[in-house]
Amino acid sequence: MAIIRFPIERRDHCAAGATVEHPEHGICEVLDIPDDAPMQRLLYRERDHAWVEADVRELEQVEEPVDEDIAAGLTDAFW
């Protein structure tokens with residue numbers, strides 16, 4: 001599995017790659033921030049492997065996205 005890098009300007013609260021918790025959907029991974037809706041997040045719901053959309057104000061960030069400097073030193077074998 002390859003490391004996906006995201007532009008630095010998108011590494012903010014609930015950025016792509018972060019683990020978040022939603023009151024209804026539970027633990028999810030942020031997949032993307034739509035360019036036309038910056039308050040929305042496309043999420044990957046871990047419990048049933050579904051994609052869902054949520055408002056960023058409903059999310060609590062559980063884990064930060066992988067830092068670009070750290071990710072540069074990781075290999076595919078790590079994942």
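If you're wondering where the values come from, they're calculated on a predicted model, not measured in any experiment. Excluded from the calculations below are hydrogen atoms, water molecules and symmetry mates; all remaining heavy atoms, backbone and side chain alike, are included.
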**OP:** Kindly compute the distance separating CD (Gln40) from CG (Asp35), expressed to the nearest 0.5 Å.
**Re:** 13.5 Å
Subject >> Spatial distance of atom NE2 (His22) from atom CG (Leu43) [nearest 0.5 Å] >> reply: 7.5 Å
**OP:** Establish whether Val52 and Val30 are linked, either directly or via other cluster members, by ILVMFWY side-chain heavy-atom contacts under 4.5 Å.
**Re:** yes
Original post:
Below 4.5 Å, heavy atoms only, C-beta onward: do Leu31 and Trp51 meet side chain to side chain?
Top reply: yes
Subject >> Pairing residues for Asp48 by the side chain to side chain donor-acceptor pair (under 3.5 Å) criterion, not counting sequence neighbours >> reply: Arg45
Original post:
Considering only heavy atoms from C-beta outward, does the side chain of Thr19 approach that of Val62 to under 4.5 Å?
Top reply: yes
**OP:** With sequence neighbours left out, write down each residue that passes salt bridge (Lys or Arg N to Asp or Glu O under 4.0 Å) with Arg57, or none if nothing qualifies.
**Re:** Asp55
Original post:
Transitively linked via ILVMFWY side-chain contacts under 4.5 Å: Val56 with Ile33?
Top reply: no
**OP:** Drop me the distance from Arg41's CZ to Cys14's SG, to the nearest 0.5 angstrom.
**Re:** 6.0 Å
Subject >> Set of side chain to side chain donor-acceptor pair (under 3.5 Å) partners for Glu21, sequence neighbours left out >> reply: none
Subject >> Where Pro23 and Glu58 come nearest, the two heavy atoms and their spacing >> reply: CD-O, 3.1 Å
